[in-house]
Every structure is written in C-alpha cells, then in structure tokens.
Amino acid sequence: MLFHHVIHNLEDWGQVFQDRSAFEPLIREIFRRHGLPFSGVTSCTPGSNAVFRCGASLVKIFAPEESGIGGKEEFLTERFGLLRAKRMGIPAPELFAQGVIEDAYPFYYLLMEYVEGKSLADLSPQLSGEERVQIGCGLRRIVERMDVPCAPFNGHMLFSQAAEKRWKAFPASFRDDRKAYLEKRVRENGKNETAGAGGKPGAAAGPAVYVHGDLNPDNILIRPDGSLCLIDFADALVAPIELELAGLLCDGFRFDPDYRKGFFGTEMCSGEELTERLLFGLLIHDYGANIIRDNIGAAEQISSVEELRKKIGDR
C-alpha cells in the first residue's frame, strides 16, 4: 500500500491533498513505471487535486471518487484538453505520461511539463497598460483557436447540482429572477442556445463550442519570454462561448480596460451588448456565483438580475 490516508469525503481530501509526504510514495511509483528519474517533490499552488513539482515535471493526482470531486472524468477531461491543445496549437503544458494506480483508491494521474513562469494573478500588478493590451491580444488569438465547435467529450453539463448549490448564497428573489431570465432566454433564442452558443468572441450566438471553463488568473501563465500558456483543463465542456467570456473578462481580467481593449481590439462590443453577454455567461457558469462574489459584489446584496446587470455595466 502506497497511500495510507482514509478518504470518505471532501473534508478528508482537503486535509491531505497538499501533503507531500502522503503522496511521495505514489509519485515515486509513477516515475518508476515510466522509467523516469525521481528528483524529489516540491509543493505547487494548491487547487483541488494533488499537484506537485518533480524537477522539470509536474504530477497531478486526481482526487478519488470518494472525495466527491475529481476522479476519472476530470482526468479524462484534462487529458482530452491537453491533447487537443497540442493538436490545435494552443499553448498548454506538454503531456509526458498518464495512467492510474490501483492502491487504497484508484488514483488517476497526469505527468506533464512544469511551466516556468508566473500566473497572471501574480504578474498583473507589475504590468504596464501596453503589456496588458498585448496579453489581451494574445488571449483573443488563443480563444479564437480553442473555442470552436467540438463534439461532446465528457459528462459535464450546465446547471450541475454543485453549481446550483452555489447560487443558494444569493437571496431567493435573485434565484427566482435568474430562473425566469434563463427560461425567457431559451424561449426567445431557441433551445439550442442554452446547450451552446459560440462563434468568435465578439460575435452573436452560434453553435456550441469547446470552452476551457475556468480561465481565472491562476490558470493563465506568462512564460519568461512573455508567451502565454493555459493550464488546468479539467473543467472544460461544450457550452455557449459567453461562459468563457464571463470567466475571462470578469475573473481573468477583473474588468481591466487594457486587457479588454487588447482582447476585443476594433471589434469591441457596445457596452450594453457586452454587459448582456457577460450577464448570460455568469448566470450559466458553474462558478458564476463565485466569480460574482469575488469580482462584482456580495451575494446577499444582489437581489435581482437587474441589479447584477447594473453592477456589470458599472464596471
């Protein structure tokens, strides 16, 4: 037995997933299986899975099903995203190896390139306006290549139970209003839109597209040469592109006008149109409630969709 902790729920996983000593035997076995030299384990920025650096490699061990998160589907989703990124020329870590270790639990893992660089979250305060414009331009090019029609590749769907639970932080009046807004949107635009709407980032609704699903500033890296790299594809799904825009502009860019200028360029949406697209994207986003809380306002102080629309417009 390589792993000696008991995982019954998310709390159990939360107590151990950053513990290097708990995972070192599993990581040694991963390197042994793939004939790679082992050079010790160091911690990385915590997420929700067990992620550690080993020399020039990063190993990601997905939470077992018993934790209530992660597991095989997230492993397959991230693997799909990394392989798709390489095929399509989207900057992402190189995937070196993959597999599952049947131990105390089935531990699915990915062994990939450790990307030298800093996250947008860490680097943003030091950047000039022009540097932010250039990063916005670069992310526009990435999104145009990445967010294109794609056949379903996992079981991720909009309005999951976990996502809907997050909206309970908002007043009942807001939740009722959100439900009515989305139902009206479906009636006005057809059933297909809620399944997926996309096209170019500045364009009107179109077919379903692949979306990264979590373009927060920790998942956007800037390498030492200034090039961009996306990480953590485990939340990807087929959805309206507005979901991606809401995550990127509200959480990744945090409404910064220079990033937004670079991203939209001469195809800038009108303020009203952009507000409506971001509103829709937030209301369908798995982490929409969190993005609003962190970047727009306290949940308990937003009692209607109209209040949220105004707050987005004021940003």
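In this text the structure is predicted, and so the values were computed from the model without any measurement. Note that the numbering runs from 1 along the sequence shown for the chain.
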Between [X] and [Y], which heavy-atom pair has the shortest distance, and what is it?
X	Y	answer
Leu228	Ile135	CD1-O, 3.9 Å
Arg33	Val100	NH1-O, 3.0 Å
Leu283	Leu182	O-CD1, 4.0 Å
Leu243	Ile284	CD1-O, 3.9 Å
Cys150	Val238	O-CG2, 3.5 Å
Asn154	Ala236	ND2-O, 2.9 Å

Original post:
Hey, what's the ring geometry for Tyr108 with Phe75, parallel, tilted or perpendicular (30° and 60° as the breaks)?
Top reply: tilted

Without placing hydrogens or testing angles, list every side-chain donor-acceptor pair under 3.5 Å for residues 58-69, not counting sequence neighbours.
unit_1, atom_1, unit_2, atom_2, d
Lys60, NZ, Glu78, OE1, 2.6
Lys60, NZ, Asp232, OD1, 3.1
Glu65, OE2, Lys72, N, 3.2
Ser67, OG, Pro64, O, 2.7
Ser67, OG, Ile69, N, 3.2
Ser67, OG, Ile69, O, 3.0

Side chain to side chain, [X] and [Y], heavy atoms closer than 4.5 Å:
X	Y	result
Asp258	Leu127	no
Met146	Glu244	yes
Glu131	Gln126	no
Ser57	Leu36	no
Asp235	Tyr287	yes
Glu276	Glu272	no
Leu248	Ile220	yes
Arg132	Lys261	no

Original post:
Can you name the residues that form a side chain to side chain donor-acceptor pair (under 3.5 Å) with Asp177, not counting sequence neighbours?
Top reply: none

**OP:** List for me each residue that meets side chain to side chain donor-acceptor pair (under 3.5 Å) alongside Asn219, sequence neighbours excluded, and say none if there are none.
**Re:** Asp214

Output all residues satisfying ring pair (Phe, Tyr, Trp, His ring centres under 6.0 Å) with [X], sequence neighbours left out; order by chain, then residue number.
X	result
Phe3	His5, Phe23, Phe107
Phe80	Phe153
His34	Tyr109
Phe174	Trp167, Phe170

Subject >> Residues clustered with Val115, ILVMFWY side-chain links under 4.5 angstrom >> reply: Leu221, Ile231

Original post:
Is it true that the side chains of Asp251 and Asn295 contain a donor and an acceptor less than 3.5 Å apart?
Top reply: yes

Interatomic spacing from [atom1] in [X] to [atom2] in [Y] - rounded to 0.5 Å:
X	Y	atom1	atom2	answer
Cys54	Tyr114	SG	OH	11.5 Å
Arg309	Thr275	CZ	OG1	9.0 Å
Ile142	Leu230	CD1	CG	5.0 Å
His285	Leu245	NE2	CG	10.0 Å

**OP:** Using salt bridge (Lys or Arg N to Asp or Glu O under 4.0 Å) as the criterion, list what pairs up with Asp225, not counting sequence neighbours.
**Re:** none

Subject >> Non-neighbouring partners of Arg223 that pass salt bridge (Lys or Arg N to Asp or Glu O under 4.0 Å), sequence neighbours left out >> reply: Glu113

Subject >> Of Glu307, Glu306, Glu164, the residue whose pairing with Arg178 passes salt bridge (Lys or Arg N to Asp or Glu O under 4.0 Å) >> reply: Glu164

Original post:
Are any of the side-chain nitrogens in Asp314 or Lys310 under 4.0 Å away from the carboxylate oxygens of its partner?
Top reply: yes

Subject >> SB check Glu144 Arg141 (cutoff 4.0 Å) >> reply: no

Extract all donor-acceptor atom pairs below 3.5 Å that involve side chains of residues 39-47 and protein atoms in other chains or at least two apart in sequence.
unit_1, atom_1, unit_2, atom_2, d
Thr42, OG1, Arg53, O, 3.4

Which atom pairs, donor and acceptor, lie under 3.5 Å between side-chain atoms of residues 86-99 and protein residues at least two apart or in another chain?
unit_1, atom_1, unit_2, atom_2, d
Lys86, NZ, Glu94, OE2, 2.9
Gln98, OE1, Arg79, NE, 3.4
Gln98, OE1, Arg79, NH1, 2.7

**OP:** Ignoring hydrogens and angles, tell me if any N or O in the side chain of Arg166 forms a donor-acceptor pair with the backbone of Asp286 under 3.5 Å.
**Re:** yes

**OP:** Output yes when a side-chain donor or acceptor of Ser303 lies under 3.5 Å from a complementary backbone atom of Ser173, and no otherwise.
**Re:** no

Subject >> Residue of the set Glu183, Lys179, Lys184, Arg185 for which side chain to side chain contact (heavy atoms under 4.5 Å, CB included) holds with Tyr181 >> reply: Arg185

